[in-house]
Amino acid sequence: MRIAIDRLAVAYDDRRVIDGLSLTIDPGTIFTLLGPSGCGKTTLLRAIAGFVPVAAGRILFGETDVARLPAHRRNIGMVFQDYALFPDKTVFENVAYGLRARRTDDAAVRRRVGEALDRVGLGAFADRLPAALSGGQRQRVALVRALVIQPDVLLMDEPLSNLDSKLRHQVRETISELQREAGITTVFVTHDQDEALAMSDRIGVMNAGRLEQVGAPAEIYRTPHTAYVADFIGAANILSADLAAPAAAGATVRLAIGGRHVGAVCPQPLPAGPVRIVVRPEDIAMAPADGATDEMLSARVVRRHYLGAKTGYAVTLTDGTRITIDVSGPDHDRFATGDSVAVRIDPSRALAIAP
Amino acid sequence: MRLDLRSIWVWLSFAMLALLGVFLVYPVANIFLASLGGPGRGEGWAIVFGDPRYLRAIANTLLLGTAVTLAAMGVGVPLAYLTARYDYPGKAIVSILPLVTLVTPEVIVAQTWLMMLGNNGLIRRWLLEHGVVLPSFYGWFGLTTSMTFIYYTYAYIGTLAAIRGFDVQLEEAARSLGSSPVRARLRVLVPVVLPAILASALLIFTLVVGNFALSMILGGRVELLSVKTYQAAVSETTSNPVLQSTLASVSISIVMIVLFAQRWIVSRGRFEIVQGRVARPSRLRGVMALGFAAAASLVVVVSLLPLAAVVAGAFTVSRGPVMRWGQWTTANIDRVLSRSPEPLYNTMTYAGAATAIAIVLSALIGYLIVRRRNAVTPLIDYITALPLALSGTALGIGLIHAFNTGWITLTGTAAIIVLAYVIRRLPFGLRNASSTLYNIPRSLEEASISLGVPPGRTFLKVILPLMAPALAAAAVLTWTTTVAELSTSIIVYSGGRETIPIQIFKLIEGGLMAQASAYGLVLVAVILAPIVVATRIFRIDLFASRA
Ligand SMILES: Nc1ncnc2c1ncn2[C@@H]1O[C@H](COP(=O)(O)OP(=O)(O)O)[C@@H](O)[C@H]1O
Ligand SMILES: [Mg+2]
């Protein structure tokens, strides 16, 4: 089922938290809302679910505008951060709850709940109370409970953030598999960029109630449109530079930085003047100072983190700008703190964006 | 906040508001309005403030409130401190004290003191035989003594909860900064615990001001506000509604002022206490231990005395007012159970109805206030706190005046007694209901709704079962307090509708202590039965949401 949000506005006591947001989510895909705490992810999700009233705009599930439909009639599945399992009902009764509300006959309930629990390896736990399960098991029950009713859309609000990192990976896998099997349109909320990159078909990066950029994970990571997105997704160096002449979208430009010129790509048209260069730590090469070429900037190593597969360095340029660089490959740990080095920013990987 | 007129909760809020408006706000407003009414406006206030007897009653009430508060704090606070911080012999029994006061109706306490120290009292006569003449127990002596030994439990419970919630680490931090242990304790503990102590002191003060049973039975010639108000309400000859209302207004005003002070203190006292480690009690030995144990047991003995006395009295032979101590009989109990059991039936019926109504209202109103806030719910919240400011006598006067005639006439019916019970217990039931609701995550409700169950059915299927233990506890507490209710019912009841406390009160006035004891014993049984069932069979923690 396609979800289309059209100029949506949501307000708490007349304060608009979301104002004029539009978004389309393709059927069967998993869409992640990513952003820092307080940016409005939960509010948007709860508006889709029907738990916060919509001040203006439309929310289409397929062709139907559900914006004014009460939550219990939207046929959604919802998974909560705190699992929200009914503590006084067994695992079986929790999962059966939505089917019973739909007046499914007893035999079908038993069969479908049994199958669903078996699918996530919890068939043996049907008679337990939620309190007797681990966090990961609880969230799996919650997931199954939401899916067993075959909802039109699945909504999840930070479902992994109460789990420790190992469980988080396991449950993440379970969610991805079940979502794909059911082919259900899913909106997933998180503030964790790794989670977003790993799980999503598309990501919407939110900032103060607006969608700052929407795109596939690689797109968001490789070509952030704004410094905000670049900074939020993955570690990024954001440097100031000057652009001599206006540039068209897709153009490669040369920018003055620290007395040298470096190349960068413009994903969007840019006027002349101050710009930002965004470059990931792994897209900067580092060489000993004596091997420097014209394209390289002089720098000095101020900090070094050995990380096994790679080494993270912090260096300062001659003008004092600080950059982080990840070096991998053989001898990635060969530089020491205090070394004079030369660094080269890969021009095809560096992005010039509006300041 | 908006009012969404499509929401059933908004309509339910309006319905509750209307209900509370008619049955609670109207009687209370009526009291104040009536006090201003009469032929010459403000007549009631002119009478009260022009008559030295009424002025004396007000002054005496304030004086008694102060004296009892100080004395009760003097007993309750040290006892709480000892219990929180030390182990001493017999400590276990001290912990049942809150329960003991809960199950002992005031009218029975009053009766016990009379049987022991009244003009014909057992202890008085025994001392007299040994040449010791006690001062009369009626009056200041009896009032302060009896009230102190009831109300100290509020000081005890309040202080204990505050000390237990206090983080020892704070104290250890102060000590590590170089203060001596005792100074460290006082410097750190006192400011944190003081708000709770002051709050319970003010609560005790309001209870004394509103106290009816002990004031009536043991007051003697000391003129007190609650007694004067009651006499004005029931007197056949000088039935003056304006005067009654004015006296009730005075009492309500005093209590309201004190309650506002209490709220202010509590709100200022919300220190950031991170629940840390609770202090481990240290073991006491030697003379200190014996001293503490002796002091604590004295308190325990005095607290338990009424229960013991009522059992003994119920089975003691009597002729008229004369008790033949040492001669046993079951005649008193027989009489209560077989020849005049109406008070027992009445009590159970009225309290049963009131408990059911109060619990349903508490669950619904609590849910509205906590979970379904709208423009109306804050008003409901305030109104439901109103009964806390009403002494039983004042409420009784409000009810008879409001429902005497007109399109809702309740005077002379059982309904007015049930209504009185419900109003008096509503704030407490509501407190239980809402504190448990705050602990039920909102996401549970949303999970149910998202699974396709509409909000109303979600409340019944998900929220109500989770509230059940707290509601059961509230039901038990409502039952135990309503079956013992006296001060309002004695004003609003009509012939043939006597409850057990009313019957006991009448028998005490007539000096028939053995029969009064028999009713007392039945009353205690009626109180204890659900407590035993709840705590033993259903394992419900009755005090979970007090503190
Ligand atoms: N029930 C509410 N009432 C008023 N303001 C709220 C409420 N819930 C959230 N907000 C505000 O709306 C904004 C967005 O919150 P939220 O959607 O919870 O963000 P996120 O989920 O991204 O952390 C925040 O500024 C928050 O303070
Ligand atoms: Mg959130």
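Proteins get letters first, then strands, A, B, ... in listed order; numbering begins at 1 in each. None of these values were measured; they are calculated from a predicted model.
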For the student: nearest non-hydrogen atoms of A:L85 and B:L444, plus distance: O-CD2, 3.1 Å

Between the CD atom in B:E446 and the CZ atom in A:R46, the distance rounded to the nearest 0.5 Å is 4.0 Å

Count the heavy atoms belonging to other residues, nucleotides or ligands that lie under 6.0 Å from CD of A:E181, then report whether that count exceeds 12. yes

Looking at B:M256, I want to see if its CE is surrounded by more than 12 non-hydrogen atoms of other residues, nucleotides or ligands under 6.0 Å. yes

Counting neighbours of CZ on A:R58 that are heavy atoms of other residues, nucleotides or ligands and sit closer than 6.0 Å, is the number greater than 12? no

Side chains of A:R145 and B:L451: closer than 4.5 Å at any heavy-atom pair? yes

Take a 6.0 Å sphere around OH of A:Y12 and say whether it holds more than 12 heavy atoms from other residues, nucleotides or ligands. yes

So which part of A:A71 gets closer than 4.5 Å to some heavy atom of chain B, the side chain, the backbone, both or neither? both

Could you pull out the closest heavy-atom pair between B:P441 and A:D82, with the gap in Å? CB-OD2, 3.8 Å

Proximal component of B:P454, with respect to chain A [non-hydrogen, under 4.5 Å]: both

Over 12 foreign heavy atoms within 6.0 Å of CZ, A:R102: yes

Comparing A:F51, A:F86, A:Y83 against chain B, the one with the most heavy-atom pairs below 4.5 Å turns out to be A:F51

Does A:R74 use its side chain to pair, donor to acceptor, with the backbone of B:S450 at less than 3.5 Å? no

Applying a strict 4.5 Å limit to non-hydrogen atoms, the region of A:I149 in contact with chain B is side chain

Cation over ring face, B:K461 and A:Y97, 6.0 Å, 45°: yes

Answer yes or no: are there more than 12 heavy-atom neighbours, outside B:R457 itself, under 6.0 Å from its atom CZ? yes

Between A:A84 and B:S443, which heavy-atom pair has the shortest distance, and what is it? CB-OG, 3.5 Å

May I ask you to name which of B:I440, B:T458, B:V462 has the most heavy-atom pairs under 4.5 Å with chain A? B:V462

B:R263, CZ atom: more than 12 neighbouring heavy atoms under 6.0 Å: no

